[in-house]
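Ligands are counted one by one from 1 in listed order, and the atoms in each one are counted from 1 as well.
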Amino acid sequence: MKSWVESANSATTQFPLNNLPYGVFLDADGAGSPCVAIGDMIVDLAVLEDEGVLDAGGGEAVFDVPFLNEFMDLGSDAWASVRARLIDLLEEGGDDALSGSDDLREACMIAQAEVEMAMPFVVGEYTDFYAGRHHATNVGTMFRGKENALPPNWLHIPIGYNGRASTVVVSGTDFPRPNGQLKGPNDAVPSFGPCKRLDIELEMGAVVGTGNQMGQPVSVAEADAMIFGYVILNDWSARDIQAWEYQPLGPFQAKVFASTISPWVVTKAALEPFRTSTPEREFELLPYLQEPGPMLYNIDLEVALAPEGKDETVISRTNYNEMYYSSAQQLAHHASGGCEMTTGDLLGSGTISGPEKDQRGALLEITWSGAEPITLDSGETRTFLEDGDTVTLRGGAKGDGYTIGFGDCAGTILPAVKFPA
Ligand code: CA
């Protein structure tokens, strides 16, 4: 598909016409407005809606708010019709309401380089899963030994825990190293202070578009239809805080200080050509978890680490297709007991690691709990993150001559807050 926006036809853009991911940008006054990315530009959807060129909600405005939730809540028919309308407006030879109007183009199209992005949606609740088999096996081996690496439930249940929506932040939001309770294996009692083993987790996040009613489970197919799109997610983790606190109820303070998402939500429609199946099952899943078709996606992922003031080094490359459970299965599992899932809920896939050392999605695995430091291109070594480090996650679904991208998912570690002062 060719667009009259020339930069969208470049082989290197993350945002060709068949991507059209949704985000929220901040205008010159700092007010947020929903937009789509096309090439190196964005299109302000509030302006298109206000001018009567785009109608998502049958005459009701949904883009006049600084989040996508009202649009997401309309459901899959509206998502499809808005996508079709935007493609018509941006395709070469399509409707010329935008391409043919200098005034409208000037009012709604801005270079991406000139705008700051905000959180694309209000996060309802955030649940994080643990669905990567290589990751679960590596971490389980380190924490419990090789024989007990995978917990007995792991091959039957998409394991997860309820996280915090309040500290899900958009790419570019820096945050301090967390403080917490720490107790090394040789310490008699715990101490309180800055985390010394600060880590990343490379994940995909599924964004729930439409919910279910409390008490009403959904099938995997219904769950898939409820998902609006996907973001790249860094589930930052404090390993030393986690190791002391995690039994028996799972991570708590180790994961709540920040979770970073990419600025762009890539729609399920854009990812459709990249659907792929979950791996063969060691145990047949219970019927409510069985998938009617391919529910994972073939998305190349990478992790880059840059010390303060230095160039980045790519420290891992993997693919979303490594997961054992899909987001649709996780969502169906979540609702299966009667939990109400709502518009804007975010489901973390779990850390995505491939089978090889340079395909691992967390420093804990890459450096084998700190025993095998990595050397960066700058010559520095790392076991875990240091103050000033910037980690950038990237992802792209690679088609024939085009890439569906998510934009950078980046964050920088600031020094810990002095507490108690
Ligand atoms: Ca995680």
Legend entry - Between S326 and E291, a side-chain donor and acceptor under 3.5 Å: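 Side chains of S326 and E291: pair found under 3.5 Å.
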
Inset, instruction - Output yes when R239 and D199 qualify as a salt bridge under the 4.0 Å nitrogen-oxygen rule, no when they do not. - result: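 Looking at D199 together with R239, the answer is yes, because their closest N to O distance falls below 4.0 Å.
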
Inset, instruction - Run the salt-bridge test on D358 and R317 with the 4.0 Å N-O cut-off and return the result as yes or no. - result: no

Considering only N, O or S atoms, which atom of [X] is nearest to the Ca ion (ligand 1)?
X    : result
E203 : OE2
D235 : OD2
E201 : OE1
D128 : OD2

Legend entry - Residue pair K357, E365: steps toward the salt bridge (Lys or Arg N to Asp or Glu O under 4.0 Å) verdict: CA-CA 8 Å; K357 184 173 176 173; E365 296 169 80; over 6 Å; no

